[in-house]
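All of these numbers come straight from a predicted model, not from anything done at the bench.
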Amino acid sequence: MIDIRYLRENSAEAEERLRTRGEGVDLQLFKELDSRRRDMLQEAESLKALRNRVSEEISKVKDKSLVQDKITEMRSVSQRIKEMDEELNQLEEKVTDFLMTIPNLPCITAPIGRSEDDNVELRKWGEIPSFTFQPKPHWEIGEELGILDFERGAKLTGARFTLYRDMGARLERALINFMLDIHTTDHKYTEMLPPFMVNRASMTGTGQLPKFQDDLFSVSDVEYFLIPTAEVPITNIHRDEILRKEDLPISYTAYTPCFRKEAGSYGKDTRGLIRQHQFNKVELVKFVHPSDSYQELGRLLENAEEILKRLNLPYRVVELCTGDMGFSAAKTYDIEVWLPGQSAYREISSCSNFEDFQARRAGIRFREHEKAKPEFVHTLNGSGLAVGRTLVAILENYQQSDGSVLIPEALQPYVGGMEKISCCL
RNA sequence: GGAGAGAUGGCCGAGCAGGUCGAAGGCGCUCGCCUGCUAAGCGAGUAUACUGGGAAACCGGUAUCGAGGGUUCGAAUCCCUCUCUCUCCGCCA
């Protein structure tokens with residue numbers, strides 16, 4: 001949520017900045033509703049002040065028959081208050097409903113652009129492997145090795161679900177442990193294992209709701225939603241809390257499965273592991289002091305990159321343009337890993353600074369000084385990394401001419417010292 | 001799933017035959033005093049949001065005792081619904 005005062009006082013500037021996202025927002029209606037609300041609020045509150053005063057007078061008189069006329073008068077005042085409160089509630093609801101659907105203001109340093117074509121490549125790392133044979137896409141490698149079973153995944157559930165078997169399952173599990181170990185031990189994040197379903201308030205806090213309900217799976221007998229990313233439960237850990245300044249920055253990491261409907265992506269990535277309804281991810285989340293947030297974003301990005309470096313997988317870092325950023329983000333860097341099967345870089349991590357957008361929605365604050373008013377923290381998060389896509393990158397980059405796949409050295413201790421995956425069938 | 005108890009400020013905890021209660025008392029914390037040091041003691045202060053005024057310091061109004069609704073001139077206190085927590089029984093990894 002954007003600061004309502006900012007929208008009130010700088011609506012032209014706000015409209016301009018939002019326009020760079022490709023989001024035409026008209027603040028005129030908002031301004032009207034907002035000022036009507038404030039006028040009415042004042043009126044209702046002065047009526048309440050009157051009622052409070054007179055009620056106190058009544059309480060001091062023993063013989064109520066002496067103040068019967070005041071009681072009668074207050075009866076109608078109360079009636080009026082009730083009517084105004086109802087109208088006020090409606091106005092307020094309209095205003096917050098509107099605010100909740102407005103995306104974050106892009107950071108002024110974010111490159112202006114319309115789509116991913118306008119993203120800016122910042123750096124590249126690693127050697128793109130060259131093959132003496134035609135490299136295969138991971139779904140072929142996985143099926144031939146007997147470690148990925150797409151057909152049975154579809155039988156069990158449906159499209160975009162995959163059964164990992166044997167070394168596939170083990171490799172996925174190894175990657176999760178590998179990533180968590182690095183982030184906890186070397187990068188000093190605190191590991192969390194959150195619920196995989198959350199309530200409406202949590203989804204609203206991080207920005208998935210109310211606007212993106214269509215992207216979420218939910219359960220039918222209670223109003224719980226399956227998390228699309230660990231960002232949701234982890235960021236909401238501190239919802240409605242005032243954190244101690246000394247505790248900032250707070251850094252959490254968590255492995256969770258993620259559930260996404262992927263509505264509107266019907267034709268895309270239909271084969272393989274790239275776009276699944278359920279996938280595993282290790283997430284990094286930080287709660288930071290507003291003055292440090294961009295520095296911390298840089299660190300978080302490096303922490304995510306570190307995983308690819310240790311696995312020796314080539315990647316590049318891209319800065320997203322205003323038109324390609326997510327709803328809640330002010331600034332986003334994507335890490336894209338090289339996939340020889342597609343001869344392309346594909347997103348494997350997205351690291352964002354939300355500034356105070358989520359903190360304001362979720363009520364996550366801190367105090368600058370003992371007596372200072374609480375302020376909103378800045379929240380950050382990034383994938384560290386998407387596990388399934390990391391497995392894809394390993395299969396495609398480490399594939400051998402005989403169909404086997406070498407296991408990156410750093411990962412070998414996590415698979416009992418095994419050096420390569422041969423056919424598991 | 002069955003039976004019962006509960007939810008009050010940073011924490012503990014009173015109030016609950018409706019009024020002077022944003023809420024006693026204690027603890028914690030902050031500042032000051034006192035004191036060889038420490039401990040103890042004394043005094044003052046110590047919620048949040050919205051809103052009006054003010055350059056600001058600050059001053060005023062409203063709301064908040066789990067959430068929402070109701071009764072009433074007036075609700076932490078009475079009534080209804082919901083959520084959560086705890087205890088016992090059952091079931092279960």
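- Between A:F357 and A:F327, the ring centre distance stays below 6.0 Å.
- At the heavy-atom level, A:K62 lies nowhere under 4.0 Å from the strands shown.
- Comparing A:I242 and A:I58 by the nucleotide of RNA chain B that holds the closest heavy atom to each, the one mapping nearer the 5' end is A:I242.
- Of the N and O atoms on the side chains of A:Y6 and A:E13, at least one donor lies less than 3.5 Å from an acceptor on the other residue.
- Look at CG on A:D240: it is 16 Å from P on B:G66, rounded to the nearest Å.
- When the C1' atom is used for both B:C89 and B:U77, the distance is 34 Å, rounded to whole Å.
- For the pair A:L47 CG and B:G74 C1', the interatomic distance rounds to 16 Å; values are reported in whole Å.
- Straight-line distance between the P atoms of B:C80 and B:C27: roughly 39 Å, to the nearest whole Å.
- Separating the CZ atom of A:R367 from the P atom of B:C29 is a distance of 16 Å, rounded to the nearest angstrom.
- Taking the P atom of each, B:A40 and B:A23 are spaced 29 Å apart, rounded to whole Å.
- Between B:C73 and B:C59, the distance separating the two P atoms is 35 Å to the nearest Å.
- Both A:Y224 and A:K82 sit near RNA chain B, but only A:K82 has its closest nucleotide nearer the 5' end.
- Residue A:E241 contributes atom CD, which lies 15 Å from atom P of B:A49 at whole-angstrom precision.
- Residue A:R51 has a polar side-chain atom (N or O) positioned under 4.0 Å from OP1 or OP2 of B:G74.
- Ring pair A:Y252/A:H238 is parallel by interplanar angle, where below 30° counts as parallel and above 60° as perpendicular.
- A donor and an acceptor atom, one from each side chain of A:Q358 and A:H378, are nowhere located under 3.5 Å apart.
- Between the CZ atom of A:R170 and the CZ atom of A:R165 there is a distance of 14.5 Å, given to the nearest 0.5 Å.
- Atom name C1', nucleotides B:U8 and B:G25: the rounded distance is 14 Å, in whole Å.
- Taking the P atoms as reference points, B:C82 lies 23 Å from B:U87, given to the whole Å.
- Rounded to whole angstrom, the span from the CD atom of A:E246 across to the C1' atom of B:G10 amounts to 14 Å.
- When side chains are defined from C-beta on, A:P408 counts as touching A:I394, because their heavy atoms get closer than 4.5 Å.
- Proximity of A:P137 to A:E396: side-chain heavy atoms (C-beta onward) are separated by under 4.5 Å at one or more points.
- Atom P of nucleotide B:G69 and atom CD1 of A:I81 are separated by 15 Å, given to the nearest angstrom.
- Rounded to whole Å, the distance from CG on A:L99 to C1' on B:C50 is 14 Å.
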Taking protein heavy atoms under 4.0 Å as touching, what does nucleotides 51-62 of chain B look like 5' to 3' if B marks base contact, S marks sugar-phosphate-only contact and - marks none?
SS--------BB
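- Nucleotide B:G10 holds its C1' atom 14 Å from the CG atom of A:L243, rounded to whole Å.
- Here A:K64 lies in heavy-atom contact (under 4.0 Å) with a base.
- Separating the P atom of B:C31 from that of B:C84 is a span of 42 Å, rounded to the nearest Å.
- The neighbour count for A:I108 CD1, taken as heavy atoms of other residues, nucleotides or ligands under 6.0 Å away, does not exceed 12.
- Look at A:E296 and A:R299 and you find a salt bridge, because one of the NZ, NE, NH1 or NH2 atoms lies within 4.0 Å of a carboxylate O, short of that distance.
- The pair A:D269-A:R346 meets the salt-bridge criterion, with a side-chain N (NZ, NE, NH1 or NH2) lying under 4.0 Å from an Asp/Glu carboxylate O.
- Contact annotation: the side chain of A:S328 never approaches that of A:R361 to less than 4.5 Å [non-hydrogen atoms, C-beta and beyond].
- B:A24 and B:A14 are spaced 6 Å apart, taking the C1' atom of each and rounding to whole Å.
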Pairs under 3.5 Å (Watson-Crick or G-U), crossing ones as [ ], inter-strand ones as |: RNA chain B comes out as ((((((((.[[[..)...(.....]]]((((((.......))))))(((((((....))))))).[[[[[..)....]]]]])))))))....
